[in-house]
Amino acid sequence: MVVGDISTGTDVLVIGAGPGGYVAAIRAGQLDLDVTLVEKDAYGGTCLNYGCIPSKAMITASDLAHEAGHAEEMGIYADPEVEMDEMVGWKDGVVDQLTGGVEKLAKANGVELMEGRAEFADENKARVVHSGGGQGSETVEFEHAIVSTGSRPIEVPGFDFGDDPVLDSRQALALDEIPESLVIVGAGYIGMELAGVFAKLGTDVTIVEMLDSVLPGYEDDLARPVKKKAEELGVDFHFGEAASGWEESGDGITVTTENEEGTVSEFGAEKVMVAVGREPVTDTLELDNAGVETDEDGFIPTDDRARTNVEHIHAIGDVSGEPMLAHVASKEGQVAAEVIAGEPSALDYQAVPAAVFTDPEIGTVGMTETEAEEEGFEPVVGKFPFNASGRALTTGHADGFVRIVADEPSGFLLGAQIVGPEASELIAELGLAIEMGATLEDVAATIHTHPTLSEAVMEAAENALGHAIHTLNR
Amino acid sequence: MVVGDISTGTDVLVIGAGPGGYVAAIRAGQLDLDVTLVEKDAYGGTCLNYGCIPSKAMITASDLAHEAGHAEEMGIYADPEVEMDEMVGWKDGVVDQLTGGVEKLAKANGVELMEGRAEFADENKARVVHSGGGQGSETVEFEHAIVSTGSRPIEVPGFDFGDDPVLDSRQALALDEIPESLVIVGAGYIGMELAGVFAKLGTDVTIVEMLDSVLPGYEDDLARPVKKKAEELGVDFHFGEAASGWEESGDGITVTTENEEGTVSEFGAEKVMVAVGREPVTDTLELDNAGVETDEDGFIPTDDRARTNVEHIHAIGDVSGEPMLAHVASKEGQVAAEVIAGEPSALDYQAVPAAVFTDPEIGTVGMTETEAEEEGFEPVVGKFPFNASGRALTTGHADGFVRIVADEPSGFLLGAQIVGPEASELIAELGLAIEMGATLEDVAATIHTHPTLSEAVMEAAENALGHAIHTLNR
Amino acid sequence: AEEVSTGEGRVFAAPSARRVARELGVDIAAVDGSGPSGRVTEQDVRRAAESADTEGESGE
Ligand SMILES: Cc1cc2nc3c(=O)[nH]c(=O)nc-3n(C[C@H](O)[C@H](O)[C@H](O)COP(=O)(O)OP(=O)(O)OC[C@H]3O[C@@H](n4cnc5c(N)ncnc54)[C@H](O)[C@@H]3O)c2cc1C
Ligand SMILES: Cc1cc2nc3c(=O)[nH]c(=O)nc-3n(C[C@H](O)[C@H](O)[C@H](O)COP(=O)(O)OP(=O)(O)OC[C@H]3O[C@@H](n4cnc5c(N)ncnc54)[C@H](O)[C@@H]3O)c2cc1C
């Protein structure tokens, strides 16, 4: 390390400390590389500070408040009051604990932390611009770089996140009062997760979505129970409507939408949250100076070692494209670090699990039946409905099902889709099964604890084989 | 089928319709065998009617009531009231739905249902004594029999389940008022699960246990968080105390215990629940007439095809010995049916998972570190504490850990122990891993959804390999 | 060994076996699997690597 001219040298420069970057840095540290991790905002990135963690904390808390107030069926009578500022404060405490942990773990693994915005000067040099007045910048020379600058919410023309009643998901998760009413633009997973939070806290929620269904990209029968439950919670859906603008009106605002025929509709509310997707963050970086290319959507294309077109510069996480998920970012980060250390690592996983933390939850991994057909397999499908699961009934949440897709001749598992209680956890076993090259018989023959939701996984495998016990077979 | 002399013939006679018997019967029906299933009390046996299902329903419901009243930290203020008769009524509804389902599934798979108590007349004949006045009996001739008569709670001398203030777990799960105070004799899993239920509903719970810890048979560090939480809920533990009797006193009763030195202690309460273990039910059966042997504890010894000493008579479930678990009963039932149908089935599983639905839950599968050493392996252990799990923190339940035991040279997973949120579900993935012969690397390399509790499984595997991300490595 | 299922480019093998294949420079898609339904085991990969070595030595 050269000091004096405020210039530093490092084996690996990691830019951005989200679940991609901080994991890459820790892994590189473990592999005895000299690592510098630069972050311009907050350790943990979008996921820990404004995304996965805050949303899941608010989901649990709003869920508990709602459940307790709606359990007369179980003989429980309660009328919970929610202090939103305290709920948000609790959520912030969880976030602080985790981001503090990230910082400690990075240091314990020998990672050098640097606050500031990094931009490339050339292929082997970056400038780190410190924030705050007069803190200047310094130059870091690197052998390898890992770009993990993440993504940001897409702004819809007419909706400026700087305006007070217009919220992105981050701002919506930091409100200190429960809004009386809220228009949500976009019925993707972020919109649907937060619709649940606010509806359960008593907000009148209206969702406007340009496409014609909730959770575009998920199969109909997975999305249906989520939409049904949201409707039961009072969420008002308007499909085929593109949000075009908003204006103040009385105490609140009016949001204007337009459908395909050009018909204009108006929705009154206290606030509007826009969640129509996320775009890669590359404009903070001066990528050109390093010769790193982006595609037409602004993502940085990478190969199966997470390398960009410049071999010693890797890109991982949201900035490197779909699927934009924290655990994919982390996996790519591990692989990038291992590749730099000379290990024979690659992104050769068979299947990526994903979860939507709506009510009920959705968990998916691998192929759908249709995708399996397209790939040339002869899929067989096994299904088990949670209303036949003893454990599900004892929790009072028995909507949904487990579905397993396998190749019929060989029995190999190809994919699974779950909608229902703890779908996000249940999908883990199926992810392992797919990675291991397990067959339906392997899953069906494995003893599963009674009474658990995981029995539904076993039963779905048995159903595909034609001998489920707790449901009728095809 | 011969009628007239009220005598019937069947390929397979299944005696007892618990999770052992009804699963055996359904599986046999699927294999095109002619099956008769005899039950003297209620379809679903102990598990559905008085055990697994009712206890889990009451655990969920009491949990919700308790959580809602103790979530000020999350900004939730509530003071739930519980109508015990309605809670128990809800639980009964869940049970009815499931037992009704069992009956339907049995019929749909071609199983002949017969109500009554079966006893052997000889090796190929049983008498079924119908209950109720004057309904008589009938004779069933069988080629094969499956004995699945289950178990019953052990009575402690001095405590007669027929006396009003003395309860077994079944009676405790059917109370229509919350007792003000309750002495529980026995800190095994049933005692501890129900201690949680009643403590959360506001009962003053005292546990007396002859041994010196809760959950005997589980490792100390698994039992500790359960004991700690119970104490926080106000449960009062007395170890090394053998219950010796009770008597009425004032409004309630006094339970007397004695320690090793002969010192007598007294505990006042409204009721006393005795849960000190379960013993096999063979006295309803006239086993001698068929020549079927039992061991000194009354269990029916079986081989790996679930056969008794009489080759065409199988025994499964609790009556055939430890582990007395519903999912083991069901597995044995499937194997027995398949063996009878001539399939090459056997009880050749690698590991049996088990769960304790206390707060926090415990889930275990396969070997402990000590057991692995005893078996001649060179165990390596990986651990991940839930207080480093983002998902656990967002649920407000971050006590406990995941531990994985593997063979160091080969990496093969041998066992796992979990105490913490959803331990009963998380253990499923590890059960599959062990059955599949997965290595630590396989589990560590499998992408797990963020943020989920299942990430703790992956991290524990990484920890065993020395490269966990979210915890410091050994 | 049986054929591995037909889906394009898809190999049924545990992560550990796939890692060993990369380590030894074996194209795992071309390895005959001896596991259930033709699943490729780590041993299959090592065997393939050994036979490739001997082929290489004999100059193909
Ligand atoms: C509301 C919400 C809920 C979500 N829920 C989930 C979920 O449940 N599960 C899931 O898998 N995913 C979820 N996501 C997505 C998840 O947050 C992202 O996939 C994940 O954060 C991507 O990680 P990353 O490391 O690529 O980028 P990020 O987490 O976005 O981190 C990038 C970091 O780089 C920093 N940075 C950018 N430019 C520079 C620069 N030039 N110099 C220095 N630092 C820079 C940024 O400040 C940021 O901290 C959610 C997202 C949102 C918004
Ligand atoms: C409170 C409690 C909680 C429990 N929780 C769990 C849990 O969470 N998970 C778990 O795995 N296990 C649990 N168990 C244990 C579980 O209930 C037993 O392991 C399981 O029921 C055993 O199944 P079985 O089929 O062998 O016997 P049983 O379920 O006991 O069924 C035997 C049946 O045979 C009938 N029968 C007996 N003799 C005759 C005869 N001569 N003729 C006709 N019928 C006859 C009985 O009426 C009964 O219905 C729990 C038990 C209790 C008491």
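First the proteins, then the strands, lettered A, B, ... as listed; each starts at 1.
In this structure, A:Glu83 and B:Met74 have side chains that are not in contact, with every pair of non-hydrogen atoms separated by 4.5 Å or more. Side-chain contact between A:Lys104 and B:Leu472 is absent, with no heavy-atom pair separated by less than 4.5 Å. Within the 4.5 Å cutoff, side-chain heavy atoms of B:Pro80 are placed close to those of A:Ile76. A 4.5 Å side-chain heavy-atom check between B:His327 and A:His448 finds every atom pair outside the cut-off. Taking the side chain as every heavy atom from C-beta outward, A:Ile53 and B:Pro451 approach each other to under 4.5 Å. Residues A:Pro353 and B:Ile447 meet the side-chain proximity criterion, which asks for heavy atoms closer than 4.5 Å.
Taking A:Ile26, A:Leu453, A:Val95 one by one and counting their heavy-atom pairs under 4.5 Å with chain B, the maximum is reached by A:Leu453. Heavy-atom pairs under 4.5 Å with chain A were tallied for B:Ile59, B:Ile434, B:Asp442; the largest tally goes to B:Asp442. Among A:Ala65, A:Ala108, A:Gly29, A:Ala106, the residue with the largest count of heavy-atom pairs under 4.5 Å with chain B is A:Ala65. Among B:Glu435, B:Met436, B:Glu455, the residue making the largest number of heavy-atom pairs under 4.5 Å with chain A is B:Met436. With chain B as the partner, the residue from A:Met458, A:Met87, A:Glu67 showing the most heavy-atom pairs under 4.5 Å is A:Met87. The candidate with the highest count of non-hydrogen atom pairs below 4.5 Å against chain B, out of A:Ser330, A:Gly390, A:Ala398, A:Ala354, is A:Gly390. Among the candidates B:Ala428, B:Gly363, B:Ala438, B:Gly431, the residue making the largest number of heavy-atom pairs closer than 4.5 Å to chain A is B:Ala428. In terms of heavy-atom pairs under 4.5 angstrom with chain A, the leader among B:Leu48, B:Val94, B:Asp79 is B:Val94. Comparing A:Val352, A:Leu64, A:Val82 by how many heavy-atom pairs each has under 4.5 Å with chain B, the most go to A:Leu64.
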### Task
Output, in order, the C-alpha distance, side-chain angles, deciding distance and verdict of side-chain contact (heavy atoms from CB on, under 4.5 Å) for A:His467 and B:Arg27.
CA-CA 8 Å; A:His467 61 74; B:Arg27 189 77 191 102; 3.4 Å; yes
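Heavy-atom neighbours of A:Glu81 CD from other residues, nucleotides or ligands within 6.0 Å: at or below the threshold of 12. Around CD of A:Glu86, the count of heavy atoms belonging to other residues, nucleotides or ligands within 6.0 Å exceeds 12.
Residue contact with chain A, scored on non-hydrogen atoms closer than 4.5 Å, involves the backbone of B:Thr471 exclusively. Of the two parts of B:Ala433, the backbone and the side chain both hold a non-hydrogen atom closer than 4.5 Å to a non-hydrogen atom of chain A. Contact of B:Ala445 with chain A is made through backbone and side chain together, with heavy-atom distances under 4.5 Å. Heavy-atom distances place both the backbone and the side chain of B:Val443 under 4.5 Å from chain A. Of the atoms belonging to A:Leu430, not a single heavy atom falls under 4.5 Å from chain B. Contact of B:Leu426 with chain A is made through the side chain alone, with heavy-atom distances under 4.5 Å. For a residue to count as touching a neighbouring chain, one of its non-hydrogen atoms must lie under 4.5 Å from one of that chain's; by this rule B:Ala71 touches chain A with the side chain only. The contact between B:Glu72 and chain A is made entirely by backbone atoms, counting heavy-atom distances below 4.5 Å. Neither the backbone nor the side chain of B:Leu31 comes within less than 4.5 Å of any heavy atom in chain A.
No donor-acceptor pair closer than 3.5 Å links the side chain of B:His450 to the backbone N or O of A:Ala326. A donor-acceptor distance shorter than 3.5 angstrom exists from the side chain of B:Thr60 to the backbone of A:Thr394, with no hydrogens or angles considered. Of the possible donor and acceptor atoms, one in the side chain of A:Gln30 sits under 3.5 Å from a partner among the backbone N and O of B:Ala468. Not a single donor-acceptor pair under 3.5 Å links the side chain of B:Lys56 to the backbone N or O of A:Leu393.
Separating the CG atom in B:Asn109 from the CD1 atom in A:Ile469 is a distance of 7.0 Å, to the nearest 0.5 Å. The OG atom of A:Ser424 lies 6.0 Å from the CZ atom of B:Arg391; values are rounded to the nearest 0.5 Å. One finds the NE2 atom of A:His470 at 8.0 Å from the CG atom of B:Leu98 (value rounded to the nearest 0.5 Å). Rounded to the nearest 0.5 Å, atoms CD (A:Glu429) and CG (B:Leu432) are 5.0 Å apart. Atoms OG1 and CG, from B:Thr395 and A:Asp63 in turn, are 11.5 Å apart once rounded to the nearest 0.5 Å. Taking OG1 from A:Thr446 and OH from B:Tyr349, the interatomic distance works out to 12.5 Å, rounded to the nearest 0.5 Å.
Heavy atoms only, all atoms of each residue included: A:Glu73 and B:Trp90 are closest at O-CB, 3.3 Å.
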